[in-house]
Enquirer: 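Structure incoming, see below.
Heavy-atom basis, side chains included; hydrogens, waters and symmetry copies ignored.
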Amino acid sequence: MDISKNGIKSKITAASLLVALGIIYGDIGTSPLYVFRAIIGDRNIDLTLVYGGVSCVFWTLVFQTTIKYIWLTLRADNHGEGGIFSLYALVRRYGKKLVIPTILGATTLLADGIITPPISVSSAVEGLSMVKGLETIIVPGNGLTIGIVVAIISLLFFFQRFGTEIIGKFFGPIMTLWFTMLIVFGVNEICQHPDIMKALNPYYAYQLLVNYPHGFWLLGAVFLCTTGAEALYSDLGHCGIQNIRITWIYVKISLVTAYLGQAAWLMHQGQNLLNGRNPFFEIIPSWFLLPSIIIATLATIIASQALISGSFTLISEAMNLNFWPRVAVRQPSDSKGQIYIPSINTMLWFGCVLMMVYFKESAHMEAAYGFSITITMLMTTYLLSFFIAYRLKWNRAYVILFLVIFGAIEGAFFITNVAKIKERWMFLFFELFIFSVMYIWYYARKINNSFTKFIELGKFSDKLNELSEDDEIPKFATHLVYLTKADKRHEIEEKIIKSIFAKKPKRADIYWFLHINRTEDPFTLSYNVSELIDDKLIKVNINVGFRVQPKTELYFKKIVQELVQNKELNLHIRPDGSSKYNNEPDFKFVVLEKFLSVENEFELRDGILLKSYFYLKHLGQSDEKAFGLDKSDVVIEQIPLVYQPILNFKLDREIR
């Protein structure tokens with residue numbers, strides 16, 4: 001059995017297993033295209049290198065992927081959802097310093113999105129250089145090969161706006177065909193050279209890391225075999241724990257078989273050097289080479305699609321948890337959870353094309369790949385330690401053991417990947433940009449919110465009632481709705497009261513105060529109502545999960561409709577003649593937007609944070625669009641934020 005997003009048990013079926021194969025294994029599943037080529041490089045092919053390489057790959061898949069992610073991390077499901085923000089939502093109450101690890105993990109996971117598509121797709125396309133008649137046309141690194149890869153990637157990003165509902169149906173069968181192909185040709189090589197099975201002995205991994213010259217640094221290449229492990233957790237909500245765990249058995253067998261097959265070929269191919277050859281395509285018979293390249297290319301496109309979709313989900317969660325500015329989010333199809341974020345799509349497309357043009361071929365990208373995802377995994381390990389300590393109630397000794405084992409494994413991978421920084425310096429700008437946006441948005445909002453003053457709404461109830469009944473004041477709206485951050489029933493922001501009474505008082509039949517409460521549950525959508533004055537002063541709390549796109553006006557009008565149907569609300573259509581032409585009540589939403597007052601004098605850090613925050617806010621979506629409000633029903637009021645007023649200045653008066 002498995003639990004769906006709605007908490008309903010559903011059976012594991014062949015269809016659900018096929019969906020899991022198609023969605024989540026693209027990245028880790030296409031790693032055989034380049035892992036062994038990266039391990040061997042331009043080194044002499046010998047037993048220690050080949051056996052040690054395949055042994056390291058096997059035990060990395062055992063510890064890092066199977067034990068850490070498949071067995072343990074998938075247990076950290078937030079009502080069926082996974083990923084670093086879901087994990088953060090589960091554990092943030094247990095530690096005050098979990099924000100930075102979360103931002104680091106999310107940043108590096110998103111940065112991984114600009115190199116996975118080019119390295120995967122180019123690895124597959126470059127296989128055409130082995131097809132007879134194309135060897136002089138398709139050359140790794142030449143203009144035509146780069147152009148083909150850029151064209152495939154560009155088309156992939158272009159079609160994101162239309163959604164993947166139709167082509168997504170083919171993902172499962174294609175990936176099943178891909179993994180079956182890995183098994184068939186891997187087993188073929190193993191059967192010819194069964195001695196390669198000895199390489200699974202961890203002794204060979206030890207020999208490579210300790211006795212082989214600079215062998216420890218080969219872990220940077222070995223790590224490429226598990227770079228897609230984080231996606232297994234991020235896509236938990238799409239497939240469910242049991243579907244992932246069952247399909248992983250088949251996927252792991254196919255991956256290990258493929259690596260063993262390549263290792264067997266390496267040991268018996270008769271040359272000391274690779275000389276630009278790719279062990280993956282070398283084990284494919286010539287008669288099946290072209291079909292294998294087509295299948296590999298389709299598999300890498302699916303891998304890229306999964307990563308792009310994951311990036312959209314990541315940013316959507318970041319917005320809803322206040323780690324990212326509000327940007328336009330579209331839903332290209334009726335599929336639940338499928339979203340499209342134009343700005344992120346453009347950013348990833350530009351980054352992918354830039355990577356392809358800069359590195360030119362997949363072999364050059366291998367040296368730069370892996371650094372980002374090691375940081376993501378380290379941050380996941382750190383957050384996961386809080387989950388197993390406080391949610392699973394593990395003994396403290398086991399928590400420490402978990403941190404020591406996986407901290408050592410991932411720490412070793414991180415150290416070996418640090419050496420790649422010189423190959424990937426341009427990535428640092430991309431990562432610094434993402435980290436800065438998340439850091440600024442989160443901490444500047446905290447500063448901003450700290451200056452929000454809440455007051456007792458009950459103190460103003462009589463005055464609001466009097467204003468509502470005062471026919472001498474022009475009616476501002478039948479229903480006047482304020483968005484409020486106050487989550488307590490009787491509280492409201494002071495600035496809202498000032499907005500109602502200051503300058504021109506806003507008279508209305510009913511005053512609504514609407515609070516959007518972001519829950520730790522991903523797909524919550526519920527509400528509660530408190531009438532402070534019957535049919536006059538009403539507080540509504542709408543609980544919205546962090547994976548739900550808010551459509552505030554739609555939700556509000558639905559709530560009003562239900563209240564009227566239940567005879568809990570009188571719409572106040574008065575017999576004064578004003579409703580004879582249109583008896584529908586009018587709704588007016590008031591959004592109070594802060595701006596940075598010129599009266600401030602900042603300390604350096606706070607000044608940078610707040611100025612950057614308001615600049616990002618200006619670049620992002622307006623509040624009415626972010627909260628799903630109809631522009632015709634919205635009034636925007638500008639409120640100055642006076643954070644640190646200038647007090648120490650002297651103004652001299654001239655006497656004439």
Enquirer: Mind jotting down which residue pairs meet the side chain to side chain donor-acceptor pair (under 3.5 Å) criterion with at least one end in residues 401-412? Sequence neighbours excluded, please.
Expert: Gln64-Glu410, Lys68-Glu410, Thr381-Glu410
Enquirer: Would you check if there is a donor-acceptor pair between the side chains of Arg330 and Asn345 at a distance under 3.5 Å?
Expert: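 Short answer, no.
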Enquirer: Would you kindly say whether Asn243 and Ser16 are connected by a side-chain donor-acceptor distance under 3.5 Å?
Expert: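 On atom types as modelled, these side chains qualify, holding a pair under 3.5 Å.
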Enquirer: Scan for salt bridge (charged side-chain N to carboxylate O under 4.0 Å, His left out) pairs involving residues 216-235, sequence neighbours excluded, and state none if there are none.
Expert: none
Enquirer: Asp487 and Asn517: side-chain donor and acceptor closer than 3.5 Å?
Expert: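 Their side chains do not contain a donor-acceptor pair, so the 3.5 Å distance test is not met.
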Enquirer: Check for me whether Lys485 meets the cation-pi criterion with Phe454, that is, NZ or CZ under 6.0 Å from the six-membered ring centre and within 45 degrees of the ring axis.
Expert: no
Enquirer: Step by step, work out the side-chain hydrogen bond (donor to acceptor under 3.5 Å, both in side chains) result for Gln305 and Ser309.
Expert: CA-CA 6 Å; Gln305 175 59 55; Ser309 299; 2.7 Å; yes
Enquirer: For Tyr34 and Phe280, I'd like to know if the aromatic rings sit close, meaning centre-to-centre distance below 6.0 Å.
Expert: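 Centroid distance Tyr34-Phe280: not below 6.0 Å, so no.
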Enquirer: Is the shortest side-chain heavy-atom distance between Phe413 and Ile409 below 4.5 Å?
Expert: yes
Enquirer: Checking side chain to side chain contact (heavy atoms under 4.5 Å, CB included) against Ile67, which of Leu61, Val62, Leu72, Ile405 comes through?
Expert: Val62
Enquirer: Would you sort out whether Asn543 and Thr519 count as a side-chain hydrogen bond (donor to acceptor under 3.5 Å, both in side chains), showing the intermediate values?
Expert: CA-CA 6 Å; Asn543 304 304; Thr519 68; over 6 Å; no
Enquirer: Quick one: side-chain hydrogen bond (donor to acceptor under 3.5 Å, both in side chains) partners of Thr108, sequence neighbours excluded?
Expert: Thr376
Enquirer: Step through the shown structure and confirm whether more than 12 heavy atoms of other residues, nucleotides or ligands are within 6.0 Å of CZ on Phe63.
Expert: no
Enquirer: Just checking Lys558: does its NZ atom have more than 12 heavy atoms from other residues, nucleotides or ligands closer to it than 6.0 angstrom?
Expert: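 Open: at most 12 neighbouring heavy atoms sit under 6.0 Å from NZ of Lys558.
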Enquirer: What side-chain donor-acceptor pairs closer than 3.5 Å can you find for residues 435-442, not counting sequence neighbours?
Expert:
from, atom 1, to, atom 2, distance (Å)
Ser436, OG, Leu432, O, 2.7
Tyr439, OH, Arg605, NH2, 3.3
Trp441, NE1, Trp324, O, 3.3

Enquirer: Determine whether the aromatic ring centres of Tyr88 and Phe323 lie less than 6.0 Å apart.
Expert: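 When the ring centroids of Tyr88 and Phe323 are compared, they turn out to be within the sub-6.0 Å range.
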Enquirer: What I want to check is whether the side chains of Tyr233 and Thr380 have a donor and an acceptor closer together than 3.5 Å.
Expert: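 Result is no, nothing qualifies.
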Enquirer: For residues 389-402, pull every pair meeting side chain to side chain donor-acceptor pair (under 3.5 Å), keeping only residues two or more places apart or in separate chains.
Expert: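 As it turns out, there is no side chain to side chain donor-acceptor pair (under 3.5 Å) pair with a partner in residues 389-402 once direct neighbours are skipped.
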Enquirer: Return each pair, listed once, that meets side chain to side chain donor-acceptor pair (under 3.5 Å) where at least one residue sits in residues 215-229; pairs must be two or more places apart or across chains.
Expert: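 Every pair satisfying side chain to side chain donor-acceptor pair (under 3.5 Å) with a residue in residues 215-229: Thr65-Thr226.
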Enquirer: Does OH belonging to Tyr203 count more than 12 external heavy atoms closer than 6.0 Å?
Expert: no
Enquirer: Side-chain donor-acceptor pair under 3.5 Å between Thr66 and Trp248, yes or no?
Expert: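 Result is yes, a qualifying pair exists.
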Enquirer: Tell me yes or no: between the side chains of Ser31 and Tyr259, is some donor less than 3.5 Å from an acceptor?
Expert: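 Ser31 vs Tyr259: donor-acceptor pair found between side chains.
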Enquirer: Is the Tyr94-Phe386 ring centre distance short of 6.0 angstrom?
Expert: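 Not under 6.0 Å, so no.
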